[in-house]
**Q** 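Sharing a structure, written as structure tokens. Questions coming.
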Number of protein chains: 2
Amino acid sequence: MEPIEVFKALSNESRLQILHWLKDPEKHFTPHEGIDMRKIGVCVSQVTDKLKMTQSTASQYLSILQRAGLIKTERIGKYTYYKRNEETIREIGAFFNNEI
Amino acid sequence: MEPIEVFKALSNESRLQILHWLKDPEKHFTPHEGIDMRKIGVCVSQVTDKLKMTQSTASQYLSILQRAGLIKTERIGKYTYYKRNEETIREIGAFFNNEI
DNA sequence: TTGACATATCGATAATTTGCGATATTATAA
DNA sequence: TTATAATATCGCAAATTATCGATATGTCAA
């Protein structure tokens, strides 16, 4: 967990939103056939629609969040699903309380 | 408290360090004649020395941290002292736990 | 008042980030 | 196989950030 990388990832309105939306995905995303969003996550297209930005941008933002350790990914067929990585998020909370 | 502004302020090694040093200033800064660092804070020159960057840069970094609400300032004579703003820091911790 | 510090601000250049369109890659279904 | 859909990556221009030197501003002491 690289604090600077994490804070950079969080320094952007869209990326903050993605992370927030993923906290309660059923509330924010339109369902995906036979996928439990809570367990599996949401795919890039779902995020793209919600963000109202290009697929390219959505994909990159998800990638930035993932490299920072804030979300994790699972490929199922031609879809890539992303969901929150609660462990890392807790770690950052701890870092914030102890080091900052 | 503007989360994006806060995370941007924290997205820099030097600024993170300043904030960390200020947590226990006596441990990290050389004393200033008759000033209780814990109560009053440390001045720009002290931070400049510790940072090993120019006075200009140190002053700007302190200003960025202050605008983000992470530190507060008090001018005494020709010195400007900065210390942590624990209230805001707590607020951000809460934001992090609740919104992110 | 003037000189000497401490700090803030301005203007500049290099580096990084933003967000896009175009294209490459991967996986499925026909 | 091939057409198609989903995703990733590349290369770009615009915007923002990093860091500096130079200079302005504020404050005290002589």
Side-chain angles (χ1 to χ4, degrees), chain A residues 2-19 22 29-35 37 40-68 70-83, chain B residues 2-19 22 29-35 37 40-68 70-83:
Chain A
E2 202 50 62
I4 299 280
E5 196 178 3
V6 171
F7 290 128
K8 280 186 183 176
L10 296 174
S11 296
N12 175 282
E13 187 69 42
S14 303
R15 290 193 299 261
L16 264 193
Q17 292 229 45
I18 293 173
L19 217 52
L22 285 176
F29 297 96
T30 55
H32 219 217
E33 357 91 44
I35 290 290
M37 288 193 256
I40 304 296
V42 305
C43 74
V44 181
S45 311
Q46 288 170 296
V47 175
T48 301
D49 291 349
K50 186 89 178 147
L51 260 191
K52 288 173 181 157
M53 289 181 156
T54 65
Q55 179 271 328
S56 164
T57 300
S59 177
Q60 282 186 86
Y61 281 2
L62 288 166
S63 170
I64 287 168
L65 287 168
Q66 196 210 327
R67 280 199 300 275
L70 291 161
I71 60 180
K72 44 190 179 180
T73 183
E74 180 182 1
R75 178 118 197 185
I76 298 180
K78 58 180 169 180
Y79 299 95
T80 309
Y81 296 95
Y82 290 93
K83 67 175 172 182
Chain B
E2 202 50 63
I4 301 280
E5 195 178 2
V6 170
F7 290 128
K8 281 187 182 174
L10 296 174
S11 295
N12 175 283
E13 187 69 42
S14 302
R15 290 192 299 260
L16 264 193
Q17 292 229 47
I18 293 172
L19 217 52
L22 284 177
F29 296 96
T30 54
H32 219 218
E33 354 91 43
I35 290 290
M37 288 194 256
I40 303 296
V42 305
C43 73
V44 181
S45 311
Q46 287 171 296
V47 175
T48 301
D49 291 350
K50 186 90 177 147
L51 262 190
K52 288 173 181 158
M53 289 181 156
T54 64
Q55 178 271 327
S56 164
T57 299
S59 177
Q60 282 186 89
Y61 281 1
L62 288 166
S63 170
I64 287 169
L65 287 169
Q66 195 209 328
R67 279 198 301 275
L70 292 161
I71 59 179
K72 43 191 180 179
T73 184
E74 179 182 2
R75 177 118 198 186
I76 298 181
K78 58 181 171 180
Y79 299 95
T80 309
Y81 295 96
Y82 289 91
K83 67 174 172 184

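As a basis for the values below, the full set of heavy atoms in this structure was taken, side chains included, without hydrogen atoms, waters or symmetry mates. Numbers restart at 1 for each chain; the letters A, B, ... are given by sequence-line order, proteins then strands.
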**Q** Check whether any side-chain nitrogen or oxygen of A:Thr54 sits under 4.0 Å from OP1 or OP2 of C:dG21, and answer yes or no.
**A**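 A:Thr54 to C:dG21 OP1/OP2: no side-chain N or O under 4.0 Å.
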
**Q** Do any N or O atoms from the side chain of B:Ser63 and from the backbone of B:Ser59 form a donor-acceptor pair under 3.5 angstrom?
**A**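 Absent.
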
**Q** So which of residues 4-14 of chain A are in contact with DNA chain C, with a heavy-atom cut-off of under 4.0 Å?
**A**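 A:Lys8, A:Asn12, in order of number.
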
**Q** Counting only N and O atoms by type, is there a donor-acceptor contact under 3.5 Å from the side chain of B:Glu2 to the main-chain atoms of B:Ala68?
**A**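 Checking the backbone N and O of B:Ala68 against the side chain of B:Glu2, no donor-acceptor pair under 3.5 Å is found.
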
**Q** Can you check the B:Leu16 CG to D:dT17 P distance for me, whole Å?
**A**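 Going from CG in B:Leu16 over to P in D:dT17 covers 16 Å.
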
**Q** Supply the atom-to-atom distance B:Leu62 CG to B:Thr80 OG1, rounded to the nearest 0.5 angstrom.
**A**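 The distance works out to 9.5 Å.
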
**Q** Would you say the side chains of A:Thr57 and A:Thr54 form a donor-acceptor pair under 3.5 Å?
**A**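 Indeed, the side chains of A:Thr57 and A:Thr54 share at least one donor-acceptor pair under 3.5 Å.
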
**Q** How close or far is atom P of C:dT7 from atom CD1 of B:Ile71, stated in whole angstroms?
**A**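 Whole-Å distance recorded here is 13 Å.
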
**Q** Atom CG of A:Leu65 and atom OH of A:Tyr82: how far apart are they, to the nearest 0.5 Å?
**A**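 Reported value, rounded in 0.5 Å steps: 9.5 Å.
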
**Q** Here's a test of your reading of the structure: between A:Ile64 and A:Gly77, which maps to the more 5' nucleotide of DNA chain C?
**A**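 Result of the comparison: A:Ile64.
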
**Q** Sugar-phosphate means primed atoms, P, OP1 and OP2; the rest is base. With that split, encode nucleotides 2-8 of chain D 5' to 3' as B, S or - using protein heavy atoms under 4.0 Å.
**A** ---SSBB

**Q** Roughly how far apart are A:Met37 CE and A:Tyr81 OH, rounded to 0.5 Å?
**A**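 That separation rounds to 10.5 Å.
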
**Q** Taking the side chain as every heavy atom from C-beta outward, state whether A:Ser45 and A:Gln55 have any atom pair closer than 4.5 Å.
**A**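 With C-beta onward as the side chain, the pair stays apart.
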
**Q** For A:Ile18 and C:dT18, give me the distance from atom CD1 to atom C1', rounded to whole Å.
**A**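 Taking atom C1' of C:dT18 as the reference, CD1 of A:Ile18 is at 13 Å.
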
**Q** Name every donor-acceptor pair, under 3.5 Å, that has one atom in a side chain of residues 7-14 of chain B and the other anywhere in the protein, sequence neighbours excluded.
**A**
{"from": "B:Ser11", "atom 1": "OG", "to": "A:Phe7", "atom 2": "O", "distance (Å)": "3.3"}
{"from": "B:Ser11", "atom 1": "OG", "to": "A:Lys8", "atom 2": "N", "distance (Å)": "3.2"}
{"from": "B:Ser11", "atom 1": "OG", "to": "A:Ser11", "atom 2": "OG", "distance (Å)": "3.1"}
{"from": "B:Ser11", "atom 1": "OG", "to": "B:Phe7", "atom 2": "O", "distance (Å)": "2.7"}
{"from": "B:Asn12", "atom 1": "OD1", "to": "B:Ser14", "atom 2": "N", "distance (Å)": "2.9"}
{"from": "B:Asn12", "atom 1": "OD1", "to": "B:Arg15", "atom 2": "N", "distance (Å)": "3.0"}

**Q** Return the value, rounded to whole Å, for the distance between atom CD of B:Gln60 and atom C1' of D:dT16.
**A**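 Rounding to the nearest Å, CD of B:Gln60 and C1' of D:dT16 are 14 Å apart.
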
**Q** CE of A:Met53 versus C1' of C:dT17: gap in Å, rounded?
**A**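 Taking atom C1' of C:dT17 as the reference, CE of A:Met53 is at 13 Å.
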
